[in-house]
Amino acid sequence: MERGLYFFMPFYNQEEIEKARQVDLFTYLQTCEPQELVHVSGNVYCTREHDSLRISNGKWCWFSHGIGGYSALDYLVKVKGCSFMEAMEAVIGRAAIQPPSRAPAPKEKKPKHLLLPPPAPDNRAMLQYLAGRGIDQEILDYCVQTGRIYESRNKGHGNVVFVGFDKDGKARFGCLRGIGEARFHGDVSGSDKHYSFALPACVENPAVHLCECAIDVMSYATLCKLDGIDWRRHNLLSLAGIYQPKKKIEESKLPAALTRFLEDHPHVKTLYLHLDNDGPARLAAKAILAAIPEGYEMKNRPPPQGKDVNDFLCHRLGIPIRSAKGKELER
């Protein structure tokens with residue numbers, strides 16, 4: 001560095017950072033990069049650079065990459081690859097941007113607007129992928145017919161979309177699982193984990209079986225069928241990912257999906273845990289046991305072999321099990 005030449009890193013206080021976080025992506029693009037906004041329909045927009053990045057109701061989701069957010073800062077960091085300081089400079093340092101009059105969405109308890117991706121012309125790649133994971137055809141047919149799974153495609157990238165419904169049959173949750181070479185995962189913009197993917201019993205059943213993800217739920221249903229058990233008579237629920245307990249186990253709360261399920265099904269009093277065979281899952285099981293109210297019985301039933309329920313199913317069917325690294329990316 002030449003003597004006498006100095007570079008200064010801009011500094012932003014907490015008030016400025018909070019102000020920047022209130023600027024949603026639509027407002028930012030409309031003010032600073034209007035040429036990037038492309039109207040799709042209604043109140044849905046995309047960007048000229050990425051037509052799979054949809055903007056609606058103050059949120060955005062880049063479906064082909066399984067990521068999303070609320071603020072312009074999120075977009076600049078996650079999509080444009082800016083550092084946090086560069087993103088702050090873009091939002092605060094350019095022409096004054098008035099934040100939206102509404103409060104930041106994450107701080108308000110407003111009903112979430114689920115932004116599901118459009119379906120592909122057919123489900124062939126998805127069905128081939130799930131069948132390759134050992135899922136029984138009857139279960140695949142049921143999930144397709146009830147709208148619980150479908151295939152989405154964008155620029156050659158195929159995804160399984162898993163959908164969760166509330167008790168009135170309204171879609172409230174969605175998550176993507178890549179089925180191509182570049183696998184990724186992510187929840188759809190507006191997803192509410194209280195209504196995660198589930199296969200509810202067709203009759204009143206006093207028990208619920210809990211798995212970490214949707215593929216494990218479908219795998220457990222397949223295992224039931226292999227054992228001559230009617231899977232449709234059992235409640236099967238995904239926790240939508242590994243449950244993260246509090247540092248102090250006794251302060252942990254029940255997973256959101258389980259809380260809602262028990263509220264909607266007061267007759268259910270027995271919980272079967274079929275979580276992964278790893279440290280985080282064992283810790284999650286302890287936390288759920290500590291948080292479960294009196295009057296409920298919990299039984300820990302991890303898969304007898306393999307990392308998770310799908311690994312166990314694949315082993316039982318003689319299907320090659322995917323590497324731990326690949327499995328991690330898919331979740």
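Computed from a predicted structure; not experimentally measured. Side chains are part of it too, since the values below use all heavy atoms of this structure and drop only hydrogens, waters and symmetry mates.
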*Report the C-alpha distance between Val163 and Tyr150 in whole Å, list the side-chain angles of each, state the deciding distance to 0.1 Å, and finish with yes or no for side-chain contact (heavy atoms from CB on, under 4.5 Å).*
CA-CA 9 Å; Val163 183; Tyr150 68 91; 4.0 Å; yes
*For residues Ile135 and Ser219, report the shortest heavy-atom separation together with the two atoms involved.*
CD1-OG, 3.5 Å
*Take atom CD of Gln35 as the centre, draw a 6.0 Å sphere, and report whether it contains more than 12 heavy atoms from other residues, nucleotides or ligands.*
yes
*Applying the salt bridge (Lys or Arg N to Asp or Glu O under 4.0 Å) test to Asp187, which of Lys59, Lys193, Arg177, Arg172 qualifies?*
Lys193
*Does the side chain of Val309 reach to within under 4.5 Å of the side chain of Leu223, using non-hydrogen atoms?*
yes
_Hydrophobic cluster identity match, Ile215 and Leu226, side-chain contacts under 4.5 Å_ = yes
*What heavy-atom pair brings Val144 and Met126 nearest, and what distance separates the two atoms?*
CG2-CE, 4.0 Å
*asked:* Hydrophobic clusters here meaning ILVMFWY residues chained together by side-chain heavy-atom distances under 4.5 Å, can you tell me if Phe84 and Leu76 are in one?
replied: yes
*CG on Leu116 to OG on Ser191, rounded to 0.5 Å*: 7.0 Å
_Tell me whether Leu127 shares a hydrophobic cluster with Phe197, the cluster being built from Ile, Leu, Val, Met, Phe, Trp, Tyr side chains joined at under 4.5 Å._
yes
*Run through Asn123, Ile139, Ile149, Asp136 and flag the one making a side chain to side chain contact (heavy atoms under 4.5 Å, CB included) with Leu130.*
Ile149
*asked:* Return the CG to CG distance between Asp276 and Asp308, rounded to the nearest 0.5 Å.
replied: 4.5 Å
*On the 0 to 90° scale, with breaks at 30° and 60°, tag the Trp62-His50 ring pair as parallel, tilted or perpendicular.*
tilted
*Do Lys269 and Tyr296 meet the cation-pi criteria used here (NZ or CZ under 6.0 Å from the six-membered ring centre, within 45° of the axis)?*
yes
*Is any side-chain N of the basic residue among Glu204 and Arg233 closer than 4.0 Å to the acidic one's carboxylate O?*
no
*asked:* Would you say that Pro119 contacts Glu151 through its side chain, given a criterion of any heavy-atom pair below 4.5 Å between the two side chains?
replied: no
*Judged by atom type as modelled, is there a donor-acceptor pair below 3.5 Å linking the side chain of Ser152 to the main-chain atoms of Ala120?*
no
*More than 12 non-hydrogen atoms from neighbouring residues, nucleotides or ligands closer than 6.0 Å to CD on Gln128, yes or no?*
no
*asked:* Restricting to non-hydrogen atoms, name the atom on Pro255 and the atom on Leu239 that form the minimum distance, rounded to 0.1 Å.
replied: CB-CD2, 4.0 Å
*Are side-chain heavy atoms of Asn277 and Lys307 found at a separation under 4.5 Å?*
no
*Pairwise side-chain contact, Trp60 with Val79, heavy-atom cut-off 4.5 Å (strictly under)*: yes
*When rounded to the nearest 0.5 angstrom, what distance separates SG in Cys211 from CG in Leu275?*
7.5 Å
*State, yes or no, whether a side-chain contact exists between Leu37 and Arg48 at a heavy-atom distance under 4.5 Å.*
no
*With the threshold set at 4.0 Å, does a side-chain nitrogen-carboxylate oxygen contact exist between Arg232 and Asp230?*
no
*Should Tyr142 and Tyr220 be regarded as members of a common hydrophobic cluster, given that ILVMFWY residues are connected when their side-chain heavy atoms come within less than 4.5 Å of each other, either directly or indirectly?*
yes
*Give the minimum heavy-atom separation between Leu199 and Cys143, together with the two atoms involved.*
CD2-SG, 3.8 Å
*Are the aromatic ring centres of Phe173 and Tyr195 under 6.0 angstrom apart?*
no
*Please tell me if the side chains of Glu297 and Leu271 come closer than 4.5 Å, counting only heavy atoms from C-beta onward.*
no
*Taking atom NE2 of His315 as the centre, does the number of heavy atoms from other residues, nucleotides or ligands within less than 6.0 Å exceed 12?*
no
_Taking Ala201's backbone N and O only, do any of them form a donor-acceptor pair with Asn205's side chain (distance below 3.5 Å, no angle check)?_
no
*In terms of the angle between their ring planes, are Tyr28 and Tyr75 parallel, tilted or perpendicular, with boundaries placed at 30° and 60°?*
tilted
*asked:* To the closest 0.5 Å, what do you measure between CG (Leu73) and SG (Cys82)?
replied: 10.0 Å
*Rounded to the nearest 0.5 Å, how far apart are CZ of Phe261 and CG of Asn235?*
3.5 Å
_Donor-acceptor pair, distance only, cut-off 3.5 Å: does the side chain of Gln30 make one with the backbone of Thr27?_
no
*Taking only Lys NZ, Arg NE, NH1 and NH2, and the carboxylate oxygens of Asp or Glu, determine whether Asp122 and Arg153 approach each other closer than 4.0 Å.*
yes
*Starting from the C-alpha separation in whole Å, work towards a yes-or-no answer on side-chain contact (heavy atoms from CB on, under 4.5 Å) for His113 and Ser56.*
CA-CA 9 Å; His113 177 73; Ser56 176; 4.0 Å; yes
*Give the minimum heavy-atom separation between Pro117 and Val188, together with the two atoms involved.*
CD-CG2, 4.1 Å
*asked:* Counting C-beta onward and ignoring hydrogens, is there a side-chain heavy-atom pair between Val208 and Leu236 closer than 4.5 Å?
replied: no
*Output the distance between atom CE (Met298) and atom CG (Leu210), rounded to the nearest 0.5 Å.*
9.0 Å
*With hydrophobic residues grouped by side-chain heavy-atom distances under 4.5 Å, do Leu29 and Val38 end up in a single group?*
no
*Is any side-chain heavy atom of Glu263 closer than 4.5 Å to a side-chain heavy atom of Lys167?*
no
*Is there a side-chain contact (heavy atoms from CB on, under 4.5 Å) between Met218 and Phe162 once you walk through the steps?*
CA-CA 11 Å; Met218 299 172 74; Phe162 296 98; 3.8 Å; yes
*asked:* Please find the pair of heavy atoms, one from Leu254 and one from Pro293, that lie closest to each other, and give the distance.
replied: CD1-CD, 4.1 Å
*asked:* Over 60° means perpendicular and under 30° means parallel, so tell me whether His274 and Tyr272 are parallel, tilted or perpendicular.
replied: parallel
*Derivation of the side chain to side chain donor-acceptor pair (under 3.5 Å) call for Gln145 and Asp141*: CA-CA 6 Å; Gln145 291 166 7; Asp141 290 342; 5.2 Å; no
*Output yes when Asp216 and Arg133 qualify as a salt bridge under the 4.0 Å nitrogen-oxygen rule, no when they do not.*
no
